[in-house]
Protein chains: 2
Amino acid sequence: MHVTLSATLAANEDIARRRRSGERVLHLAFGEAGLPVHPALLARLADAGGSNGYGEVAGLAALREAAAGYWSRRELPTDPDLVVCGPGSKSLLFGLLVAIGADPGEWRSPGDMVLPMPSWVSYAAQAEIVGVRPILVPTPAGEGGVPDPDQVRSAVLHARAQGRTVRSVLATLPDNPTGRLARPETVRRLAEVARELDLVIISDEIYRDLVHDPQATPFLSPADVAPERTVITSGLSKSLALGGWRIGVARLPHTPDGWALRQRLLAVASEIWSAPAAPVQHAAAYAFAEPEEIVERIDDSRRLHATVARAVADRFARAGAKVDVPQGGFYLYPQIPGFDSSDELARTLLDRHGVGVLPGTAFGDEPRSARVRVATSLLYGETAEQRLAALHGSDPLSLPWVAESLDYLEEALGGLTTKEPSRARRGMFLAPAPAR
Amino acid sequence: MHVTLSATLAANEDIARRRRSGERVLHLAFGEAGLPVHPALLARLADAGGSNGYGEVAGLAALREAAAGYWSRRELPTDPDLVVCGPGSKSLLFGLLVAIGADPGEWRSPGDMVLPMPSWVSYAAQAEIVGVRPILVPTPAGEGGVPDPDQVRSAVLHARAQGRTVRSVLATLPDNPTGRLARPETVRRLAEVARELDLVIISDEIYRDLVHDPQATPFLSPADVAPERTVITSGLSKSLALGGWRIGVARLPHTPDGWALRQRLLAVASEIWSAPAAPVQHAAAYAFAEPEEIVERIDDSRRLHATVARAVADRFARAGAKVDVPQGGFYLYPQIPGFDSSDELARTLLDRHGVGVLPGTAFGDEPRSARVRVATSLLYGETAEQRLAALHGSDPLSLPWVAESLDYLEEALGGLTTKEPSRARRGMFLAPAPAR
Ligand SMILES: Cc1ncc(COP(=O)(O)O)c(C=O)c1O
Ligand SMILES: Cc1ncc(COP(=O)(O)O)c(C=O)c1O
């Protein structure tokens with residue numbers, strides 16, 4: 001086994017340390033939704049405290065039924081018994097990795113997995129822990145979250161020719177780090193390749209409800225086209241900002257293999273985490289039923305994420321970066337000319353310009369591509385009041401604290417292209433701004 | 001990788017299924033504390049709902065400080081930075097298994113682990129998932145939770161002579177399934193052997209505060225005698241009946257190795273579960289600070305568990321079973337003459353007498369030993385009212401629902417020795433009693 005502290009964790013610890021010592025750092029390195037809890041969910045949590053017994057490993061029936069309804073309303077009719085809940089979708093992704101690689105009753109190698117390059121930090125880190133070797137396949141140009149289907153085909157055939165076992169391929173729809181949503185045609189081709197090669201598709205759809213403009217960017221799940229082999233994971237950490245509550249859900253294929261996978265996933269879940277916190281499950285059941293107030297909250301969040309992510313992309317573009325317009329979530333993934341590597345770029349942004357981002361290498365990308373992932377959701381404010389003002393205001397970009405951060409960023413990016421430390425940064429030890 | 005649905009899970013599903021179909025089954029198969037949440041903890045949970053950001057992987061500072069205080073008050077001075085929290089102590093035990101077997105930066109075999117025989121179901125199941133082979137070593141006669149130190153020594157030397165890597169030994173103090181607390185002398189000898197063989201000791205002390213009579217049965221932690229190599233895990237699932245809230249804590253050795261282990265454990269934790277649910281952490285911080293109302297609640301629980309566990313042990317003894325008096329928690333582990341195997345015994349108890357228990361084999365015990373684990377905590381009642389009456393009443397055994405269950409059990413055990421289905425059981429389809 002092999003474990004290393006993830007790049008995200010290390011970068012975030014570094015930023016926290018700098019801030020404690022009085023440095024000003026604009027924190028664009030953390031994938032947190034940055035919004036308060038909806039009061040209806042607070043009320044549900046408070047009411048459910050008495051739910052203290054060890055519950056069903058798969059999750060409360062009410063939560064599984066609500067999640068089944070959530071998918072059924074998205075044209076994926078779902079049997080609640082093929083829903084498995086976990087403390088965060090991350091735990092479910094880990095459990096699936098083990099369960100897909102395991103046979104009940106006999107030992108076998110966990111097999112390998114195809115990942116998009118770039119892709120979210122934890123997929124490869126989880127694979128490393130259980131000895132699954134990731135096969136990184138680039139996404140088609142301008143897309144994100146889905147490995148190029150033709151290249152998947154050749155990479156898997158090549159790996160198999162060398163005696164490797166490849167069992168699954170992962171997609172992130174829409175994507176972290178790129179903020180892009182793969183085109184339906186790409187998803188369709190991936191599904192075909194997966195069928196041809198008999199791969200399980202793990203479709204991480206935790207940002208699905210945060211596609212900025214669903215008219216312009218239609219969403220196709222691999223489960224729509226290859227339902228027999230697709231596992232969907234989702235959760236409430238992003239759409240409802242419940243990262244700290246730890247709740248995720250998985251939808252398994254409605255096939256005999258899906259039922260067998262469920263049994264193995266439950267076996268793993270019962271030995272690692274048992275179940276999500278029961279009071280959180282009750283609140284999540286309310287949220288997945290999608291009552292009006294929750295739908296409105298997600299609508300407001302989506303608008304805010306879209307507005308701010310685009311504004312930040314705009315600042316990067318104006319400073320000469322190559323950046324695709326974000327289509328979902330709260331990320332962008334600019335490439336900045338004039339740097340030799342993404343690590344150097346991220347280091348310069350932090351050390352000389354007081355802007356914390358993650359280098360593309362954290363997402364398995366080419367070291368020399370000079371890309372960084374920028375998370376825009378910590379710009380909404382420091383306090384619940386500021387964040388709610390951003391959420392409900394008609395023009396979040398004009399709120400003083402948002403505007404000020406954007407100006408700070410603009411100056412930093414200006415300094416980056418002229419290779420001068422930015423003014424904000426030079427003045428920093430004279431009048432350290434409050435940590436943000 | 002290899003995963004099988006645990007025997008507990010399967011047995012509990014079977015019991016639930018039988019009850020749904022109208023069978024009466026006395027449920028003595030589940031290790032749940034069976035008591036309501038203390039109102040002060042409900043209030044803390046409700047107040048902390050707004051804590052929704054992804055928090056520190058190690059856990060909130062307030063919780064780590066409170067847990068450090070908890071151990072410091074037990075003569076184990078503790079640095080809060082060497083406390084790591086997880087969603088249940090089970091998750092921490094899994095994380096430790098991976099972290100102890102891992103090297104930062106290089107791949108190595110996870111190594112093997114010594115377990116007491118019998119021991120809690122999940123240790124061996126977790127080991128199986130990550131490819132750690134358990135070495136089962138019997139406990140000294142009349143004790144439980146600690147493998148016989150001399151036999152540990154010879155088993156490890158033997159395994160090493162065969163080229164196996166053995167990294168750790170586990171102890172459960174007090175024990176599930178036996179309900180016994182290992183003698184200080186045994187713990188001391190185990191610590192010596194662990195030091196001689198350079199083994200990490202994992203000391204699962206989740207039942208520590210439920211030792212029935214601390215005067216009569218003094219508690220010694222391996223951390224008291226081998227602090228440099230002992231990791232303690234604990235939690236609130238048992239002492240405060242918070243199993244469904246999912247909160248556990250680990251205390252790492254205060255040595256350079258302990259700090260390195262912390263780093264690896266955090267790396268694993270951050271890729272599997274991130275952190276326990278934040279609102280639960282706030283409530284747990286209150287509990288670990290041990291304010292008077294919480295101490296009283298644990299005192300009351302301990303008394304109730306002791307009273308009922310002893311009463312049940314008494315019923316078994318009167319029916320001819322060989323059973324050690326329980327010393328902690330809510331379990332006993334009787335051996336019943338006249339049966340060929342623990343599986344047959346458990347099956348007969350369930351099928352012919354309507355009593356659900358777990359066979360010793362679920363705990364890795366000799367199949368032919370005809371032992372079963374009996375959990376007594378689901379006897380306190382069906383409703384919160386009944387359970388509080390049991391908790392606060394001066395004579396829980398005389399409460400009608402407790403007395404009735406004990407009578408039912410007594411009759412079942414009578415039938416067991418005469419090999420006749422018991423009367424309660426025979427009448428069952430005429431007047432099915434409500435599920436209990
Ligand atoms: C792509 C992706 N998947 C999954 C997660 C995990 O979310 P959680 O475990 O909170 O459900 C994240 C969070 O950063 C993410 O970005
Ligand atoms: C010996 C022992 N350790 C650990 C646990 C796990 O408890 P939790 O994960 O709820 O902290 C249990 C629960 O049954 C147990 O009996």
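Throughout, protein chains are lettered first and strands after them, A, B, ... in sequence-line order, and every chain is numbered starting at 1.
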Can you tell me which portion of A/Tyr123 sits under 4.5 Å from chain B's heavy atoms? Options are side chain, backbone, both or neither. neither

Could you look at B/Pro39 and say if it's the side chain, the backbone, both or neither that has a heavy atom under 4.5 Å from chain A? neither

If you count heavy-atom pairs within less than 4.5 Å of chain B, which of A/Trp273, A/Phe94, A/Phe30 leads? A/Phe94

Under 3.5 Å: donor-acceptor pair, side chain of A/Trp245, backbone of B/Pro279: no

Find the one option among A/Ile272, A/Leu45, A/Val57 whose heavy-atom pairs under 4.5 Å with chain B are most numerous. A/Ile272

Flag, side chain of A/Glu271 to backbone of B/Gln126, donor-acceptor distance under 3.5 Å: no

Could you have a look at A/Ala275, A/Ala46, A/Ala277 and say which one has the most heavy-atom pairs with chain B under 4.5 angstrom? A/Ala277

Side-chain heavy-atom pair B/Ser274, A/Lys90 within 4.5 angstrom cut-off: yes

Considering all heavy atoms, the nearest A/Val268-B/Ile129 contact: CA-CD1, 4.1 Å

Checking A/Glu32 side chain against B/Gly53 main chain: does a donor-acceptor pair fall under 3.5 Å? no

What part of A/Leu42 lies closer than 4.5 angstrom to a heavy atom of chain B: side chain, backbone, both or neither? side chain

Sort A/Leu35 into side chain, backbone, both or neither according to what part of it lies under 4.5 angstrom from a heavy atom of chain B. backbone

Which bit of A/Ala241 is near chain B, if near means a heavy-atom gap under 4.5 Å: side chain, backbone, both or neither? both

